[in-house]
2 protein chains.
Amino acid sequence: MSSDLDIKRLHHDVALRLSSVGQRYTDGRQQIVEFLAGSPRPVGVAAIVKELPDIPQSSAYRSLGVLTQLNVTRRIAGTDDNGYYELSEDLVGRHHHHALCESCGRVVDIDSSSKLEKALTEAARIASEQTGFTLDAHRMDLVGLCRDCANKT
Amino acid sequence: MSSDLDIKRLHHDVALRLSSVGQRYTDGRQQIVEFLAGSPRPVGVAAIVKELPDIPQSSAYRSLGVLTQLNVTRRIAGTDDNGYYELSEDLVGRHHHHALCESCGRVVDIDSSSKLEKALTEAARIASEQTGFTLDAHRMDLVGLCRDCANKT
DNA sequence: ATTTATGCAAATCGTTTGCAAACCT
DNA sequence: AGGTTTGCAAACGATTTGCATAAAT
């Protein structure tokens with residue numbers, strides 16, 4: 001099946017990036033990458049160490065640090081000031097955005113579509129002109145209330 | 001001049017919201033509100049206590065907490081996991097968005113314009129459908145590099 | 001007089017770091 | 001051997017909280 005191949009290819013790509021700067025693709029790092037690959041949304045460090053109990057917090061943070069530097073992973077700052085991690089877009093080849101719940105901190109993916117991209121590209125262009133910001137691949141986080149939190153009100 | 005009137009009206013509105021829940025509009029709280037009113041962008045707590053030295057950190061946090069609960073202020077989570085505060089849109093009557101620098105954490109305002117709003121409203125609609133999120137007045141944070149950080153590269 | 005706000009210091013929580021041991025190559 | 005990663009515990013920085021005092025109504 002293709003997902004099996006994908007994982008192999010993913011590990012291969014990650015290994016390449018690590019070795020290019022003299023870093024090793026250790027078992028713990030592989031576990032983290034694979035876990036992120038299997039998650040439909042960015043995951044917090046708490047969830048990572050819970051799911052991968054033989055990886056202590058400090059190692060998780062350190063690994064995520066080097067992986068993020070090498071652009072293997074990306075860190076999303078949630079509205080709850082926790083870090084959420086996902087594989088970088090150029091590894092998974094899927095452009096997307098995020099919706100952040102301002103009540104519970106949940107982060108979910110918004111898959112890209114041509115209509116959405118068109119709207120956001122235009123928005124990013126205007127915003128960039130006005131602020132002088134470089135909007136790399138127009139990353140955009142929408143802030144609102146997730147369904148659960150909206151229903152609690 | 002009109003800004004003088006605006007400030008008076010602002011204080012009046014804030015006082016109203018506070019008193020409606022039995023809270024007092026103390027001098028420290030007035031100072032904070034006035035400082036936020038005078039800033040062109042969301043400000044961090046560090047900046048607040050630096051500019052208003054007779055307000056200790058804990059009081060600043062506590063005041064901002066109640067002001068935010070009453071929707072007098074709003075908290076923006078920066079990419080650096082610090083809290084940045086601004087007056088809420090319904091007090092200042094100016095709809096806007098934010099650009100977050102993913103390198104230095106800086107937060108700047110993006111003034112709204114009809115073209116931008118049109119693009120973002122469309123984006124919010126699509127995203128909302130897909131995620132089930134309620135996108136309150138489509139708040140949207142664009143993440144990229146501010147001019148300073150882009151030049152450092 | 002009763003409730004609410006303040007100010008200090010201590011606690012908390014996510015995250016980072018120092019250091020010695022374990023691991024690759 | 002020589003550099004890298006791990007694991008623990010201690011350090012950190014932003015934010016929160018307990019508690020006794022001060023202020024407002």
[X] [atom1] to [N] [atom2], straight-line distance once rounded to whole Å:
| X | N | atom1 | atom2 | answer |
| --- | --- | --- | --- | --- |
| Asp80(B) | dC12(D) | CG | C1' | 15 Å |
| Asp54(B) | dA22(D) | CG | C1' | 16 Å |
| Tyr61(A) | dA11(D) | OH | P | 19 Å |
| Gln23(A) | dT5(D) | CD | C1' | 9 Å |
| Gln57(B) | dT16(D) | CD | C1' | 12 Å |
| Asp27(B) | dA22(D) | CG | C1' | 14 Å |

(request) Find which nucleotide of DNA chain C each of Arg24(A) and Val66(B) is nearest to by heavy atoms, and output the residue with the more 5' nucleotide. (result)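 Final value for this comparison: Val66(B).
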
(message) Return whichever of Ala46(A) or Val21(B) has its heavy-atom-nearest nucleotide of DNA chain C closer to the 5' end.
(response) Val21(B)

Considering every strand and a 4.0 Å limit on heavy-atom distances, what is the contact class for [X]: base, sugar-phosphate, or nothing?
| X | result |
| --- | --- |
| Gly22(A) | sugar-phosphate |
| Thr26(A) | sugar-phosphate |
| Gly83(B) | sugar-phosphate |

According to a 4.5 Å side-chain heavy-atom criterion applied to Ile, Leu, Val, Met, Phe, Trp and Tyr, with indirect links allowed, do [X] and [Y] form part of one hydrophobic cluster?
| X | Y | value |
| --- | --- | --- |
| Leu36(A) | Val49(A) | yes |
| Ile32(B) | Ile76(B) | no |
| Val92(B) | Leu67(B) | yes |

(message) Check this one for me: any side-chain N or O of Arg62(A) less than 4.0 Å away from OP1 or OP2 of dT5(D)?
(response) no

(message) For Asp111(A), run the side chain to side chain contact (heavy atoms under 4.5 Å, CB included) check against His95(A), His97(A), Arg94(A) and tell me which one passes.
(response) Arg94(A)

(message) Using a strict threshold of under 4.0 Å (side-chain N to carboxylate O), is an ion pair present between Glu129(B) and Arg125(B)?
(response)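 Yes, this pair counts.
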
(request) Mind checking the CG-CG spacing from Asp6(A) to Leu91(A)? Nearest 0.5 Å is all I need. (result) 12.0 Å

(message) Holding to side chain to side chain contact (heavy atoms under 4.5 Å, CB included), I want the full list of residues that pass it with Phe35(A), two or more places apart in sequence or in another chain.
(response)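 Result, side chain to side chain contact (heavy atoms under 4.5 Å, CB included) vs Phe35(A): Val43(A), Ile48(A), Glu51(A), Leu52(A).
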
(request) On DNA chain C, reading 5' to 3', which nucleotide is the first and which the last to sit with an atom under 4.0 Å from a heavy atom of chain B, could you check? (result)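 Going 5' to 3' along DNA chain C, contacts run dT3(C) to dA9(C).
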
